[in-house]
Amino acid sequence: MKASEIRKMSAAELDAKLTGLKKDLFYLRMQHATNQLDNPMKIAEVKRDIARVKTIIREQQIAK
């Protein structure tokens, strides 16, 4: 996910996206713990996406 895509989202969409990403991270960690995860790099990608969304949310809060 690119930052330019995230910037086009509204505040409600960002909150929903953040919630979804956190759920994804939880399920990926569970799969990793049970040795069912095929691509461990997916965890790092989801963490970066969470950081991007949080950064954009904070930028929008400061701009207001």
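- Results of the side-chain contact (heavy atoms from CB on, under 4.5 Å) test with I56 over R7, M9, K17 single out R7 as the only residue that passes.
- Once rounded to the nearest 0.5 Å, the distance linking CG of L37 with CE of M30 reads 12.5 Å.
- In this structure, CZ in R52 is found 9.5 Å from CD in E5, a value given to the nearest 0.5 Å.
- To the nearest 0.5 Å, the span separating CD1 on I50 from OG1 on T19 amounts to 10.0 Å.
- The shortest side-chain heavy-atom distance between D15 and I57 falls under the 4.5 Å cut-off.
- When each of K23, K22, R29 is checked for a side-chain contact (heavy atoms from CB on, under 4.5 Å) with L25, only R29 meets the rule.
- L28 pairs in a side-chain contact (heavy atoms from CB on, under 4.5 Å) with only one of the listed residues (E45, K47, K42, Q36), which is K42.
- Summarising the geometry, atom CD1 belonging to I6 is positioned 10.0 Å from atom CD belonging to E59; distances are rounded to the nearest 0.5 Å.
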Salt bridge (Lys or Arg N to Asp or Glu O under 4.0 Å) assessment of E13 paired with K8:
CA-CA 10 Å; E13 291 173 331; K8 295 177 185 174; over 6 Å; no
